[in-house]
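Scroll down for the structure; my scribbles are underneath it.
The model shown is predicted, which means the values in this text are computed figures rather than measured ones. Chain A is the first sequence line, chain B the second, and so forth, proteins listed ahead of strands; every chain is numbered from 1.
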Amino acid sequence: DAGVIQSPRHEVTEMGQEVTLRCKPISGHDYLFWYRQTMMRGLELLIYFNNNVPIDDSGMPEDRFSAKMPNASFSTLKIQPSEPRDSAVYFCASSLTGRGGQETQYFGPGTRLLVL
Amino acid sequence: GDSVTQMEGPVTLSEEAFLTINCTYTATGYPSLFWYVQYPGEGLQLLLKATKADDKGSNKGFEATYRKETTSFHLEKGSVQVSDSAVYFCALRYNQGGKLIFGQGTELSVKP
């Protein structure tokens, strides 16, 4: 299996621009997660989906952030407009429902975002 | 609320030294516990897990035991290698739903 695929791997943009991060989960997985990692705040869960439906978006920092999952094999995280404080590594992860906590989250390689 | 606390890093050890990274948790129920590892420039990978009290997870020479009485899940390895240099994350998750709660991560640096 190819694992979780994220694109782009690196993104440099200017403040105010729209940024779209993409994720392809492992085929057959029914959970998808978006995380953000910074030195100051560590690893934060932004939002997660189950069967393409958003379950918990309480970690989304503000209205500038939005996430969609139009089908089981694709998700996007959009920032509009972007700000320098959004600079971070954004990870996507997926998992498959198993019995009694057996499921494992598999992480993608991350997208390194720098907003100037 | 539920939370995970790890010992602060960085932890610097010489090759073949014994490793302990402390992890304690606060939870209202009976979560599953995990250790993830992040090598430089990569995403997180599951290292080991335990789903109930007294379970021991182990992988690649690392092990951790789910201690309900002390709400702990300390990571240990008897002899570390330079290739173990990474950031280690402790996490918990309830059996229902998929949300992981991570600790802040502990950086390990192993010197030859």
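- For Glu8(B), the CD atom counts as loosely surrounded, since its 6.0 Å shell holds 12 or fewer non-hydrogen atoms of other residues, nucleotides or ligands.
- Under a cut-off of 6.0 angstrom, the local environment of CZ in Arg112(A) is sparse, with at most 12 non-hydrogen atoms contributed by other residues, nucleotides or ligands.
- Only the side chain of Asp56(A) has a heavy atom closer than 4.5 Å to any heavy atom of chain B.
- Neither the backbone nor the side chain of Glu44(A) comes within contact range of chain B; no heavy atom of the residue lies under 4.5 Å from a heavy atom of that chain.
- Side-chain contact between Tyr35(A) and Leu100(B) is present, with heavy atoms from C-beta onward closer than 4.5 Å.
- No more than 12 heavy atoms of other residues, nucleotides or ligands sit less than 6.0 Å from atom CG of Asp63(A).
- The neighbour count for Phe102(B) CZ, taken as heavy atoms of other residues, nucleotides or ligands under 6.0 Å away, is above 12.
- At a threshold of 4.5 Å between non-hydrogen side-chain atoms, the residues Leu44(B) and Leu43(A) count as touching.
- The structure places NZ of Lys49(B) at 11.0 Å from CD of Gln105(A), a figure rounded to the nearest 0.5 Å.
- Heavy atoms of other residues, nucleotides or ligands lying less than 6.0 angstrom from CD of Gln45(B) number more than 12.
- For a residue to count as touching a neighbouring chain, one of its non-hydrogen atoms must lie under 4.5 Å from one of that chain's; by this rule Gln38(B) touches chain A with the side chain only.
- The closest side-chain heavy-atom distance from Thr104(A) to Tyr36(B) is below 4.5 Å.
- Heavy-atom contacts from other residues, nucleotides or ligands closer than 6.0 Å to CD of Glu69(B) number more than 12.
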